[in-house]
Amino acid sequence: MKEIITERPNLFEPNVYITMCVELCGRIDPHKLTAAVYEAYYVNEATMSKVVLEKDKAYYDRLPVTGCKVSITDKNLLTLIKEYEKIPFAIDKGELVRTFIILTETNTLIMIMAHHLVGDGKSLIYFIKDMMSALSKTSLTYKPLTLLTKNHLSETRLSVPAKLYTRYCKRKWNNRYFDWQDYYRLHNKYWNTVSSNIRYETLTQTKTKEIIKKAKQIGCSVNSYIVTWFLQKYEKRCEVGIPVSIRKSGNEAMSNLTSGVSIKYKFNTKKTFAENALIVHRKIKKKLMKYRLFVLKFITELPATLIDAVLLNTHDCYFDRLAQKTAKIMEYREKTRDIGVTNLTKIDIPAVYGSYKINNVIFVPPAVSYSRNIIGVSTFDGRMTFSFHNVNYL
């Protein structure tokens, strides 16, 4: 078994479901697609595992048969997301991915909804590659689950206040254990009180080239340009969360290899867009240099079950003063981040697999509990797609 350490906040989070929609050219035999999806499941250790709770520890445990599912449906993409994100993933039984094959009159859509514990956005991209390779009868390679450990973060240093706080938590935490009953209770309570809204838009190749060209002219990254673009729409100082991939080049295994940073900024209307974009770019760059792995290091230094308690406390399923205080520090309780921007950049997998072709890939990030509005960005075949995912409280 492999221990869950840096991914611990995802264990009890009720809305860490990532969705990818693959648009394929033409109508494809759904049964062939189903077989290809199961082949992709079988060659990834992550999709052949279940999650086990043992007191204060949580593990991935290898299964002989996958608990991940495939369904054939004629439902609309957005309807499927809204329907199935409300249904708890049975991660204790190995249900870490749900795949839906949607047939239309002219083409085929494949919707992959995955729990964050099975991997990040990049993981799903490589899962799509496995699936398409299997469809075109290309042999697949088994990929073990790769996890971050404390050793990977040994050179990362916490600030003095953060270090003192984690020590304080270790002394004060009552080591309360939580179980699967708590997991399902939290999920059901959460989705009885919220409603999810999702929309997406794919830009033309011309518009996408224009964005890339303007970012280059300004001297900032495309991601900084996009963040500034959204900040311009607000009339206040915003906190923006930015997930960061820490995946090494060549690693196509399914696993959650992401960290994150955040910046605070108010678009200055007395400056040009380019001037604002450069300021935003410098802020992001500075945070990445100093705090790229900070959040993961902080998580590993906290008692594991306190992190579980933070999520339960956030959604009113458990009360504890230390959990409440830690939730506020981790920016769960007050949902202080106004925007979360997850940019997968260029989707780095082939478009053509034998006689099969991918037309587009749409990425819908999870509406996590510490941000109000989540924006997903993916670029495929020279076209950029934006998705918007937010939750309204009933």
Side-chain angles (χ1 to χ4, degrees), residues 18-44 47 68-81 97-114 119-141 143 198-212 222 250 252-254 342-365 376-387:
I18 310 168
T19 300
M20 290 281 181
C21 179
V22 188
E23 295 181 355
L24 301 180
C25 297
R27 284 176 61 87
I28 300 170
D29 183 342
H31 301 292
K32 285 185 178 180
L33 273 174
T34 299
V37 173
Y38 275 114
E39 269 197 68
Y41 286 157
Y42 291 137
V43 297
N44 285 280
T47 45
C68 300
K69 298 177 180 178
V70 184
S71 303
I72 300 171
T73 180
D74 58 359
K75 290 185 179 180
N76 173 273
L77 169 66
L78 299 184
T79 300
L80 278 172
I81 298 174
V97 178
R98 297 166 179 159
T99 302
F100 300 88
I101 298 167
I102 309 168
L103 298 177
T104 70
E105 291 183 2
T106 57
N107 60 11
T108 306
L109 303 179
I110 302 170
M111 189 190 100
I112 304 164
M113 179 180 282
D120 49 27
K122 287 283 188 182
S123 292
L124 294 193
I125 294 301
Y126 298 130
F127 179 81
I128 292 167
K129 181 181 177 182
D130 284 340
M131 176 189 70
M132 295 303 297
S133 296
L135 184 64
S136 63
K137 303 301 181 183
T138 302
S139 61
L140 304 180
T141 303
K143 291 178 290 188
I198 306 155
R199 61 187 178 89
Y200 65 89
E201 177 184 357
T202 299
L203 305 183
T204 63
Q205 289 184 345
T206 301
K207 182 64 177 177
T208 300
K209 285 179 182 177
E210 185 182 328
I211 291 172
I212 295 170
V222 173
E252 296 189 358
M254 292 191 73
T342 304
N343 186 2
L344 292 184
T345 65
K346 184 180 178 181
I347 304 299
D348 59 341
I349 60 172
V352 178
Y353 301 80
S355 59
Y356 304 101
K357 183 181 179 183
I358 298 175
N359 179 54
N360 197 14
V361 178
I362 301 161
F363 164 53
V364 182
V377 189
S378 58
T379 304
F380 190 81
D381 191 28
R383 291 168 297 157
M384 195 175 287
T385 298
F386 290 87
S387 67

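Keep in mind that what you see is a predicted model, and the values were worked out from it rather than measured. Hydrogens, waters and symmetry mates are skipped; everything else that's a heavy atom, side chains included, is used.
Across Gly121 and Ile18, no two heavy atoms sit closer than the pair N-CD1, 4.1 Å. The shortest non-hydrogen separation linking Ala36 to Ala134 is O-CB, 3.8 Å. Between Phe380 and Ile358, the closest heavy-atom pair is CE2-O, 3.4 Å. The heavy-atom pair separating Ser136 from Gly354 by the smallest distance is CB-N, 4.2 Å. Minimum interatomic distance between Pro30 and Leu103 (heavy atoms only, all atoms of both residues): CG-CD1, 3.9 Å. The two atoms that bring Val97 and Ala114 nearest to each other are CG2-CB, 4.0 Å, heavy atoms only.
Distance check, rounded to the nearest 0.5 Å: CD1 of Ile128 to CD1 of Ile112 gives 4.5 Å. Separating the CZ atom in Arg383 from the CD1 atom in Ile347 is a distance of 12.0 Å, to the nearest 0.5 Å. Put simply, CG on Leu140 and OG on Ser133 are 6.0 Å apart, with the number rounded to the nearest 0.5 Å. With rounding to the nearest 0.5 Å, the separation of CE in Met384 from CD in Glu210 is 11.0 Å. With rounding to the nearest 0.5 angstrom, the CG atom of Leu77 is 12.0 Å from the CD1 atom of Ile110. Atom NZ of Lys32 and atom CD1 of Ile101 lie 13.0 Å apart (nearest 0.5 Å).
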Original post:
Does the pair Asp130 and Tyr41 meet the rule for a side-chain contact (heavy atoms from CB on, under 4.5 Å), with working shown?
Top reply: CA-CA 9 Å; Asp130 284 340; Tyr41 286 157; over 6 Å; no
**OP:** Decide side-chain contact (heavy atoms from CB on, under 4.5 Å) for Thr379 and Val222; before the verdict, give the C-alpha distance in whole Å, the side-chain angles of both, and the deciding distance to 0.1 Å.
**Re:** CA-CA 11 Å; Thr379 304; Val222 173; over 6 Å; no
Original post:
Where do Asn107 and Asn359 land on the side chain to side chain donor-acceptor pair (under 3.5 Å) test, with the steps shown first?
Top reply: CA-CA 10 Å; Asn107 60 11; Asn359 179 54; over 6 Å; no
**OP:** Apply the test side-chain contact (heavy atoms from CB on, under 4.5 Å) to residues Thr73 and Met111: give CA-CA distance (whole Å), side-chain angles for both, the deciding distance (0.1 Å), then the verdict.
**Re:** CA-CA 10 Å; Thr73 180; Met111 189 190 100; over 6 Å; no
**OP:** Report the C-alpha distance between Met113 and Val364 in whole Å, list the side-chain angles of each, state the deciding distance to 0.1 Å, and finish with yes or no for side-chain contact (heavy atoms from CB on, under 4.5 Å).
**Re:** CA-CA 9 Å; Met113 179 180 282; Val364 182; over 6 Å; no
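Using a 4.5 Å cut-off on side-chain heavy atoms (C-beta onward), Thr345 and Lys122 make contact. Residues Ile125 and Met20 meet the side-chain proximity criterion, which asks for heavy atoms closer than 4.5 Å. Between Ile211 and Leu203 the shortest side-chain heavy-atom distance falls below 4.5 Å. In this structure the side chain of Tyr126 reaches within 4.5 angstrom of the side chain of Ile349, judged on heavy atoms. In this structure the side chain of Thr19 never reaches within 4.5 angstrom of the side chain of Leu80, judged on heavy atoms. Looking only at side-chain heavy atoms (C-beta outward), Thr342 and Phe363 come within less than 4.5 Å of each other. Considering only heavy atoms from C-beta on, Tyr38 comes within 4.5 Å of Val70 through its side chain. Residues Met131 and Leu135 fail the side-chain proximity criterion, which asks for heavy atoms closer than 4.5 Å.
Of the possible donor and acceptor atoms, one in the side chain of Thr108 sits under 3.5 Å from a partner among the backbone N and O of Gly26. No donor-acceptor distance shorter than 3.5 angstrom exists from the side chain of Tyr353 to the backbone of Lys129, with no hydrogens or angles considered. Counting only distance, with no hydrogens or angles, the side chain of Ser123 and the backbone of Met254 share no donor-acceptor pair below 3.5 Å. Between the Ser378 side chain and the Leu344 main chain, no donor and acceptor come within less than 3.5 Å of each other. Side chain of Thr208 to backbone of Thr204: a donor-acceptor contact under 3.5 angstrom is found. In terms of modelled atom types and a separation under 3.5 Å, the side chain of Asn76 and the main chain of Leu78 share a donor-acceptor contact.
Other residues, nucleotides and ligands contribute over 12 non-hydrogen atoms within 6.0 Å of the CZ atom of Arg27.
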